[in-house]
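Quick caveat: nothing in here was measured; it's all calculated off a predicted structure. As the structure lists them, so they are numbered: ligands from 1, and atoms in each ligand from 1.
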Amino acid sequence: MCVEQLRTDTICALSTPPGIGGLAVVRLSGPQAIAIADACFRGKNQLLEARTHTIHYGQIVRADGSTVDHVTAAVFRAPHSYTGEDVVEITCHGGYVMYRLVIETLLEHGARIAEAGEFTRRAFLNGKMDLMQVESVADIIHNQVVAAQELAIKQLGGSFTQWVRTIRDDLERVAAVVEVELDFAHEDLEFADRDELRRRLNAIVEDCRRFIRSYTGAEILRHGLRVGIVGFPNAGKSSLFNALLGRQRAIVSPQPGTTRDYIEEALAIGRALVRLYDTAGFRDSDDAIEVEGIALARSILEQCNVVLVVNDLTEGQNHSDGLAASLRAEFPTIKHMLVQNKCDCVCAVPPRSENEVVLSARTGQGISTLVGQLQQYIEESTAELDRALINERHVAALRIIEQHLVSAIAAVDARLPGECIALDIRTAVEELSTLIGERWTNDLLDRIFAQFCIGK
Ligand SMILES: Nc1nc2c(ncn2[C@@H]2O[C@H](COP(=O)(O)OP(=O)(O)O)[C@@H](O)[C@H]2O)c(=O)[nH]1
Ligand SMILES: [Mg+2]
C-alpha cells in the first residue's frame, strides 16, 4: 500500500474485541473522519463544530433516516489524536450486531475498512510514535503476563528509544571527530584521544550486549518459560508433569511408552508463565509411533529454555548420565537439569551438582526445591529487563551494531587511520536509526504490522 493512499483515505474499524459486552468502540480516522461521522450523527451538537477532545451524545442514523443506535462520539482533531489525524471514536452498544451496523453506515458515507494495524501505522507515519513504541503496542495487546505488560508500557513511554537516540548521537559525534583527521591525514594528527575513544566504544558495546542478553528474558515474559521433560521410559516424566501442575493431566502407567507424543500445560511460577511439555521416553525403539514421539520430543527441546532429564533412582543415580550428556551436547544453549526421581524408594542420596534435584513425583518431596530453582532461573533471566522488551528485530540490529563497534575498537587498537574507524561507526549509526524507525522501508513496516489486528 502506498503512503499517499494511507494519508487520504478515511478508515474505520471496531477497536474493541467483538462479542457480548456493554460497549463497543468504532474508530474512524482520516481527513474526512469528522465530516463522515457528522453525516451519520444526530445530536444536540454538530460534530463538525465540536472542539477537540469532546464527547457528544446522539444517534447514528442511516441514509433512509432510520436510527441505528444511541451512541457517544468522541472527537479528536489532528494532530492531537492517536493517529495524528482527525479521529472520531463512536461508542455504541456491545454485541455482534450493533457495531456492524454502525460501520456499514460509516462506509455508506465514504469511509473504508481499516487494514490490520493501519491506525498505528498512520500514527507512526505521522510521527506520533517511533517503531519501538509501535512494537510495544503489539506486545501490550498480546501479553498476558503482568511483568511483560509493565515493560511494554515503559517501552511505549520511550525508554529504549531514548537510549538508542543517546548512543546514536554520541557515536555520530565520535565519527565526526575521527573523520576530521581525514583532512589532515598527511600530518599524522590524532584529534580523538584513542584511550577515550576505546573507553566510549566499549561502554556502548557493553550496553548493547546487556540488551541482547535481555532478549531471552523478554521472550520468557512474552511466551512463558518453556520446560521440556524428557528421560527414559518409566522414569516418572508424566508423574513429574502432574506433580508440577498439581493435578492429574498426563497418563501415568507402569507400562513403558505410554506417552506417545507430547502434552503441554501452563502454570504460573513467580512472575512468569511456565509451559511444561511432557514427552515420550527416549530409548531405542522398534515401535514406529514411539520413534515418531521421540523425534517430536527433540523438536520440542529445540524450542525449550530448560530441559528436565528425569532419572529413575531405583535404576541408579547415574543411570541417565549418558542421555543427559548427549542432550547437553545436542542443545548447548538451554539450561539442563537432572531430576533424580523416586527418592521415596531409595536411601537418601544427595544431589551431585547444583543442576541436580532429588525428589519424588509420587510423594511430592523435593518438588518445591525444583520449583524454587525454576523460579530462580526466571529471576536471573529477567533481571536485566529494566528498560525494554527486546524483540527479534531489535536483537538482530543490536548484534550488527555490536559487531561494527567491536571492529571499530579493533581498528583503534591497530592504530588504523580515522577513516577506517569512522566507517564502522557510521554503519552502527545507520543501524541505530533503522532501529527506531527514522530509516524504514515499506517492507519493514509490513512485517511489523503483520502482528497487528484490525482496529489497532
Ligand atoms: N515410587 C515411586 N514411583 C514413581 C514415582 N514417579 C513415578 N513413579 C511410577 O513409575 C511409573 C512410571 O511413571 P510415569 O510417570 O508414567 O513415567 P514416564 O513413562 O516417564 O512418563 C508409574 O508406575 C509411576 O507410578 C516416584 O516418585 N516414586
Ligand atoms: Mg509418560
Kindly confirm whether the Mg ion (ligand 2) is within less than 2.8 Å of some N/O/S atom in Thr279?
->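 Of the N, O and S atoms in Thr279, none lies under 2.8 Å from the Mg ion (ligand 2), which means no.
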
Tell me yes or no: between the side chains of Asn355 and Lys335, is some donor less than 3.5 Å from an acceptor?
->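 Yes, side-chain donor-acceptor contact under 3.5 Å.
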
Asn311 versus His319, side-chain donor and acceptor atoms under 3.5 Å =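 The criterion, which ignores hydrogens and geometry beyond distance, is not satisfied for Asn311 and His319.
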
Looking at [Y] and [X], is any side-chain nitrogen of the basic one under 4.0 Å from a carboxylate oxygen of the acidic one?
X: Asp321; Y: Arg328; value: no
X: Glu115; Y: Arg121; value: no
X: Arg112; Y: Glu118; value: yes
X: Asp278; Y: Lys237; value: no

Step through the shown structure and confirm whether more than 12 heavy atoms of other residues, nucleotides or ligands are within 6.0 Å of CZ on Arg213.
->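 More than 12 heavy atoms, drawn from other residues, nucleotides or ligands, come within 6.0 Å of this atom.
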
Backbone or side chain, does any N or O of [X] fall under 3.5 Å from an N or O of ligand 1?
X: Ser238; value: yes
X: Pro233; value: no
X: Thr363; value: no

Just to be sure I'm reading this right: ignoring hydrogens, which of [options] gets closest to [atom]? Compare them by their nearest heavy atoms.
atom: atom 27 (O) of ligand 1; options: Ala361, Ala235, Cys343, Gly364; value: Ala361
atom: atom 15 (O) of ligand 1; options: Ser239, Gly366, Gly231; value: Ser239
atom: atom 4 (C) of ligand 1; options: Lys237, Lys342, Gln340, Gln365; value: Lys342

Which atoms of ligand 1 sit under 4.0 Å from any heavy atom of Asp344?
->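 Ligand 1 atoms under the 4.0 Å threshold to Asp344: 1 (N), 2 (C), 26 (C), 27 (O), 28 (N).
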
Gly236 heavy atoms, cut-off 4.0 Å: which ligand 1 atoms fall inside?
->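 Close to Gly236: 7 (C), 13 (O), 14 (P), 15 (O), 17 (O), 18 (P), 20 (O).
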
Between His80 and His53, how do the two ring planes meet: parallel, tilted or perpendicular, split at 30° and 60°?
->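 Rings of His80 and His53: tilted, as their planes differ by 30° to 60°.
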
Relative to ligand 1, is Asn341 under 4.0 angstrom through side chain, backbone, both or neither, heavy atoms considered?
->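 Near ligand 1, Asn341 shows its side chain, while the N, CA, C and O stay back.
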
Touching ligand 1 at all, Cys345? Heavy atoms, strictly under 4.0 Å?
->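 A heavy atom of Cys345 does come that close to ligand 1.
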
